[in-house]
Amino acid sequence: MSSLFEPYTLRSVTIPNRVWMPPMCMYSAAPTGLAEGVATDWHFQHYGARAAGGTGLIILEATGISPEGRISPYDLGLWNETQAGGLRRITEFLKSQGTVPGIQLAHAGRKASTSRPWDGDRPVGADEHGWQPVGPSTEPYPGLKVPHELTVEEIREIVDRWRASARLALAAGFQVIEVHGAHGYLIGNFLSPHSNRRTDAYGGSFDNRIRFAVEVVDAVREVWPDDLPLFFRISATDWLEKDGWTPDETVALARVLTEHGVDLMDVSTGGNAARVTFPVGPDYQVPFAGRVRRETDMPVAAVGEITDPEQAEKILAAGDADAVLIGRQLLREPTWARRAARELGGDVRIPPQYGWRP
């Protein structure tokens with residue numbers, strides 16, 4: 001059998017194949033009112049189509065643990081029961097298609113309070129449902145608002161928010177949580193010396209800069225059942241020549257997170273520093289995942305410009321990842337897993353409503 005279509009088990013959860021969908025924001029929830037942050041029919045059909053298309057694991061988009069944790073006012077949220085109820089409809093359908101439902105819990109940090117990308121991807125104020133972003137320091141992301149520097153008490157409150165959101169994720173029926181530590185959002189802001197200028201216990205040394213990430217993981221693991229897996233998404237490098245987060249630090253963090261109950265690292269890159277150059281192309285981020293897999297005990301998923309079934313198969317066969325996350329290609333082709341199964345000789349579930357026809 002194709003490696004891409006071998007089941008994969010983490011704790012008590014068996015994912016039917018290694019074709020996984022990464023979080024990709026839809027910016028399609030209501031920004032205010034009783035429906036604020038609540039999943040809509042758009043979200044249901046979007047995720048449902050990829051589940052019916054054979055995707056083994058779907059990780060829902062970056063979902064704010066608090067109103068201020070969203071990237072934009074139109075993001076999904078998971079800080080109340082109404083939002084959990086809206087998500088439950090999605091998890092139940094994904095499970096009915098044999099797909100494992102996951103969710104990425106996130107806080108956007110200094111990159112929060114922005115418009116939707118198609119509205120200019122710019123900072124928004126109170127007149128457009130915006131708010132004051134926060135971060136480890138007052139160092140702004142270029143072009144965005146100056147963040148409020150979090151106090152230690154405020155850091156602890158945000159950790160509590162992650163814990164509460166994880167409880168709601170369980171109630172909503174998710175089987176995987178991914179903690180978002182990548183792409184220049186709050187956890188990544190703390191990890192990198194490029195954005196973290198603190199001089200207290202949360203800044204300076206490697207151990208201090210990872211402290212917030214570890215506290216969040218511990219808070220989530222405290223309420224997330226022992227039999228369910230926990231993922232962590234990382235940007236393996238800031239793509240800076242100096243004073244940034246590095247691949248060496250990613251490997252070191254993976255070792256720490258393994259000890260704190262993280263089951264898989266979702267390895268991406270970039271997003272914390274503006275105006276950097278990097279070699280975008282097929283497999284350009286895969287070596288960072290491969291290094292974590294080879295140098296630690298942490299399983300990994302690879303991302304970035306993975307579009308072809310044979311390409312995905314080679315990544316697994318080479319030992320660079322345990323699974324591949326197919327992003328933009330799944331937006332273009334919801335049934336990508338079925339095509340990959342045909343080309344590679346694998347098996348994938350087809351809904352009987354489609355499969356009975358010759």
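This one's a predicted model, so the numbers in the text were calculated from it and none came from an experiment.
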Do we see a donor-acceptor contact under 3.5 Å between the side chains of [X] and [Y]?
X: Ser2; Y: Glu313; answer: yes
X: Asn272; Y: Ser195; answer: yes
X: Glu68; Y: His107; answer: no
X: Thr269; Y: Gln285; answer: yes
X: Asp218; Y: His260; answer: yes
X: Thr14; Y: Thr9; answer: yes
X: Glu61; Y: Tyr47; answer: yes

Side chains of [X] and [Y], heavy atoms from C-beta outward: is any pair under 4.5 Å?
X: His148; Y: Glu154; answer: yes
X: Asn196; Y: Phe212; answer: no
X: Ile59; Y: Ile103; answer: no
X: Val124; Y: Thr114; answer: no
X: Phe231; Y: Ile177; answer: no
X: Leu87; Y: Leu76; answer: yes
X: Ile315; Y: Ile306; answer: yes
X: Pro67; Y: Trp79; answer: yes

Test side chain to side chain contact (heavy atoms under 4.5 Å, CB included) applied to [X] - qualifying residues, sequence neighbours left out:
X: Ser96; answer: Phe93
X: Leu331; answer: Met24, Met26, His46
X: Thr91; answer: Arg88, Pro101, Phe174
X: Pro142; answer: Ala274, Arg275

Can [X] and [Y] be counted as an ion pair, charged N to O under 4.0 angstrom?
X: Glu215; Y: Arg156; answer: no
X: Glu139; Y: Arg198; answer: no
X: Glu343; Y: Arg339; answer: yes
X: Asp308; Y: Lys314; answer: no
X: Arg293; Y: Asp322; answer: yes

- Passes side-chain contact (heavy atoms from CB on, under 4.5 Å), Thr250 versus Thr237? Steps please. CA-CA 8 Å; Thr250 296; Thr237 176; over 6 Å; no

[atom2] on [Y] to [atom1] on [X], rounded to 0.5 Å:
X: Leu257; Y: Met265; atom1: CG; atom2: CE; answer: 5.0 Å
X: Trp20; Y: Leu325; atom1: CH2; atom2: CG; answer: 7.0 Å
X: Ser192; Y: Glu249; atom1: OG; atom2: CD; answer: 8.0 Å
X: Arg18; Y: Leu316; atom1: CZ; atom2: CG; answer: 6.5 Å

- Task: Apply the test side-chain contact (heavy atoms from CB on, under 4.5 Å) to residues Trp224 and Leu170: give CA-CA distance (whole Å), side-chain angles for both, the deciding distance (0.1 Å), then the verdict.
- Result: CA-CA 7 Å; Trp224 193 239; Leu170 181 63; 3.7 Å; yes

Measure from the side-chain N and O atoms of [X] to the backbone N and O of [Y], and report whether any donor-acceptor pair falls under 3.5 Å.
X: Arg349; Y: Gly54; result: no
X: Arg50; Y: Leu330; result: yes
X: Ser12; Y: Leu228; result: no
X: Trp336; Y: Thr307; result: yes

- Message: Could you go through Phe232 and Ile187, starting from their C-alpha distance and side-chain angles, then the distance that decides it, and tell me whether this counts as side-chain contact (heavy atoms from CB on, under 4.5 Å)?
- Response: CA-CA 11 Å; Phe232 189 94; Ile187 290 178; 3.9 Å; yes

- For Ile71, the hydrophobic cluster (side chain heavy atoms closer than 4.5 Å, chained through members) also holds Tyr27, Tyr74, Trp118, Tyr185

May I ask you to decide if the ring planes of [X] and [Y] are parallel, tilted or perpendicular, using 30° and 60° as cut-offs?
X: Phe206; Y: Trp245; result: parallel
X: His183; Y: His180; result: perpendicular
X: Phe288; Y: Trp239; result: perpendicular

- Counterpart residues, salt bridge (Lys or Arg N to Asp or Glu O under 4.0 Å), relative to Arg116 (two or more places apart): Asp119

- Message: Applying salt bridge (charged side-chain N to carboxylate O under 4.0 Å, His left out) to Asp263 and Arg11, what does each step give before you reach the verdict?
- Response: CA-CA 8 Å; Asp263 299 289; Arg11 300 196 184 231; 2.8 Å; yes

[X] and side chain to side chain contact (heavy atoms under 4.5 Å, CB included): which single residue from [options] fits?
X: Glu178; options: Asp266, Leu105, Leu264; answer: Asp266
X: Asn17; options: Thr55, Val348, Leu57; answer: Val348
X: Ser165; options: Asp160, Leu78, Val223; answer: Leu78

- Message: Given the ring of Tyr202, does Arg209 sit roughly above its face, with NZ or CZ under 6.0 Å from the centre of the six-membered ring and within 45° of the axis?
- Response: no

- Task: Take Asp320 and Arg294 through the side-chain contact (heavy atoms from CB on, under 4.5 Å) test and state the conclusion after the steps.
- Result: CA-CA 8 Å; Asp320 286 322; Arg294 292 185 178 92; 2.7 Å; yes

- Message: Run Arg328 and Glu333 through salt bridge (charged side-chain N to carboxylate O under 4.0 Å, His left out) and show every step you take.
- Response: CA-CA 9 Å; Arg328 288 175 177 83; Glu333 187 182 357; over 6 Å; no

- Just do the salt bridge (charged side-chain N to carboxylate O under 4.0 Å, His left out) check on Asp121 and Lys111 with the steps written out, would you? CA-CA 10 Å; Asp121 207 11; Lys111 293 174 77 174; over 6 Å; no

